[in-house]
Amino acid sequence: MSEERSLNFIEEIIENDLNSGKYKTLVTRFPPEPNGYLHIGHAKAICLNFGLTQKYGGYTNLRFDDTNPVTEKTEYVDSQQEDIKWLGFQWKNELYTSDYFDTLYDFAVKLIQNNLAYVDHNTAEEIAAQKGTPTESGVDSQYRNRSIEENLDLFTRMKNGEFEDGACTLRAKIDMSSPNMLMRDPIVYRIKHAEHHRTGNKWCIYPMYDFAHGQSDSIEEITHSICTLEYVSHRELYDWFIEKLEIFPSHQYEFARLNLTYTVMSKRKLLQLVNEGVVSGWDDPRMPTISGLRRRGYTPESIREFCERIGIAKRENLIELSLLEFCIREHLNKTANRVMAVTDPIKMVITNYPADQEEILVGENNPEAEDKGGYREIPFSNELWIEREDFMEEPAKKWFRLAPGAMVRLKHAYIVKCEDFVKDADGNVTEIHCSYIPESKSGEDTSGIHVKGTIHWVSKAHAKTAEIRVYDRLFSVESPDNEEGDFKDYLNPNSIEVIKNAYIEPYLANADVNSKYQFIRKGYYCFDKESTSDNLIFNRTVGLKDAWAKGNK
RNA sequence: UUUCCUGUGGUGCAAUGGUAGCACGUCUGAUUUUGGUUCAGAAGAUUGUGGUUCGAGUCCAUGCAGGAAAACCA
C-alpha cells in the first residue's frame, strides 16, 4: 500500500532544510497565550506542529506565551495542557516565555548598548501620531537620540519601578520611514505594575510579543517557527532582532488559520459568549473549543482526521462544517455501539402478544465491528414506545414506515402490521395498535415476508427515561464575522433543544461519562457529565444522514 | 493610495513546463433487518488580457478581485 500524499509547503521547506543539512533535527513549538481555552483552530496548529516532528523526527515544545500578565491565568494553562494531551500529543518541554525574562532583559540591554534601542517618554497617543500611516512615513521621536548611557540608566530605572505604567517605553531604533509599520521603532518593553501568574511581582516591565517570541524560539533552537498569516509582516522584525542579537537563527513560516462555517473562532468573541452567558461555559457542547467538542462527543481521532483533511496552505479558507461532521460520523460509525432510544414517544400496543408475557431479545452492538461489538439483551413486551414520526395516518409516496394496514420490522424483533390507531379530542394520535407475526422473529424468520421499513422501539415496561440535548449550529449564518452589525445578532435560536422525556433501553442505564452511542436511525450521542442516577443526559453529537428528511424538505 | 500575501469545481487541498486529480458536499442507481453504512456512477473548476514555449494552472508583463499591515494585545 503506497499511499502517495503530496507535501504541503511547510513539509517541502522542512525536507529541503533537512536534506541540505541546514538543520540536523527538526524542532517546533506550540505557543499558546494562556488567556482562553483552545479551539478547533488551535487544533489545526497543534496537529501541524506535533505532526511534523512525529513525521520527521525531532520534538515539539509547549511554550506558554505569557508576556501580558493582565489577561493570563493558571486556569487557562491547565486547560490548554489537558486539551493537547487529550488530542493525543505529548510535548518535549513545558516552557514559558516568562522563564526567559532575565535573558530577554539582557537582550534589551545589548540593543541599547549597540545604539539600537532607546527609552521614549512619549505617550501612546504621541507615539501613534508620530508613527505615520501605511501610506505616509513616520517621524522620529524627540527622544530617539538620547545617549547610550542615558538610555541604560532610564531602562534600569524602568525595571526598578521608578516609573508609573505608561510613563515611558523602550523602543527599538530601526526606521521610521519603513513601508512596514512594524519596523517604525516598535515598542519592545512596556511598564505594567501587574502581578504575573508565574513571576509574581518580580517584574514591572514586560516584553512585547515581537521582542519575546522570536527570541524564545531562538533560545529553544526552534528550527521552524510556524504561525498564522497575520504574522507575515512581523517576520521582518523577527529576523531583525535575531540578526542584531546574533542568536540562533530560527525562521518563521506562516499558514492560513482555520475558519469554519457557522462558527466564530476569535478568542475575544468566544470569551464574550462565555462571559455574557450565551453559552453555559467554555465547554458548552456548542462551542468550537476543544473542551466543547469533547463534551459534544467528538473524539480525538476525528479531530485529527479533520485537521489532516483540511490541509495546510496560505490562502484564506472557510471550511464547511459538514466536513467536521463527516469525520466524526466516520469514526463513530466504526466504534460506537448501536442502541435504541425513542425521542418523541407514542405508544404501540401489540394486540396479539400476551400482556403478561415478555421475552429477552439479543442484539448485536455494532455490525461494522469485527466481533459485532458484542451482544446485549433487549426486553420485549406487548407495549412499546415508538417514534411519533414513524407513523403517518395518510402515508406519503414512498413511505416505508407505519401507516394503517402497513407492515414494518421492529429492529431486532418482529414484523408488525398496523391494525388501528387511537386519537384524542384534538386529533392527535395517541396509540397505535398492531398485530405481530410470531414466525418473523429476528434471526429466525420463517415468515417469508419482506418489509421495506425497520423502526426502532423501546419496551414500555422496561424503558428508562432520559434527557436528550439536541444541539445544532450556534449561528444561523455561514460567516457570522462577516455580517453587518454584531455577530451575536446571528445566533441560532434553535442551537439547543432539550427533550426531557425520551425513552432508552435499560442497557443504557449504566453508561459511563463521555461514552458514545449510535441511537439507531437518529444519530450519535454522548453521555453527559451532568447526568445523575435519576437524570440520564445524552448530548447529540451529530445526526445520521437522513435521505428521507432531505428529500422531503 | 503605499507595502506585503493570496487567486484551481459549491467547499478545501493537489497537479513543482507535459492527459487538471482527491476528499467533503450535491445528484442518480444497487445493496441493506438503521431511508445509516457499503458499493457503482454523474454533474461541476484554472480571475481577465497579452507574451515566452512544440506545449502554460504553473514562467514573464499588466489589469482585476480578496485579505493583511497604523494596540504600551498575542
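Labels below follow one simple rule: chain letters A, B, ... track the order of the sequence lines, proteins then strands, and each chain is numbered from 1.
Here, B:A71 and B:G66 have their C1' atoms 25 Å apart, quoted to the whole Å. Taking atom C1' in both B:U8 and B:C4, one finds a spacing of 23 Å when rounded to whole Å. Here, B:C59 and B:U26 have their C1' atoms 37 Å apart, quoted to the whole Å. Nucleotides B:U58 and B:U62, compared at atom P, are 16 Å apart to the nearest Å.
Comparing A:Phe326 and A:Ile520 along RNA chain B, the residue whose closest nucleotide (by nearest heavy atom) sits nearer the 5' end is A:Phe326. Each of A:Ser322 and A:His121 lies near RNA chain B, and the nucleotide nearest A:Ser322 is the one positioned closer to the 5' end.
Geometrically, A:Lys269 engages A:Phe487 in a cation-pi contact defined by less than 6.0 Å to the ring centre and at most 45° from the axis. Figure legend: cation-pi geometry between A:Lys159 and A:Tyr105, with NZ or CZ positioned under 6.0 Å from the six-membered ring centre and within 45° of its axis. Cation-pi geometry between A:Arg376 and A:Tyr507 is met: the NZ or CZ atom falls under 6.0 Å from the ring centre, inside 45° of the normal. Taking the centre and axis of the six-membered ring of A:Tyr96, the NZ or CZ atom of A:Arg198 falls inside the cone set by 45° and 6.0 Å.
Nearest to the side-chain atoms of A:Ala313 among the listed nucleotides B:A14, B:A69, B:U26 stands B:A14. Here B:C13 is the nucleotide among B:G36, B:C13, B:C72 with the atom lying nearest to any side-chain atom of A:Asn317. Comparing B:G25, B:A14, B:G35 by their closest approach to the side chain of A:Lys398 singles out B:G35.
In this model, a side-chain donor or acceptor of A:Arg401 finds a partner on the base of B:G35 within 3.5 Å.
Listed in residue order, the members of residues 367-375 of chain A having a heavy atom less than 4.0 Å from RNA chain B are A:Glu368.
With sequence neighbours excluded, the residues forming a salt bridge (Lys or Arg N to Asp or Glu O under 4.0 Å) with A:Asp140 are A:Arg144, listed by chain and number.
Counting any heavy atom pair closer than 4.0 Å across all strands shown, A:Ile310 reaches sugar-phosphate atoms only and no base atom.
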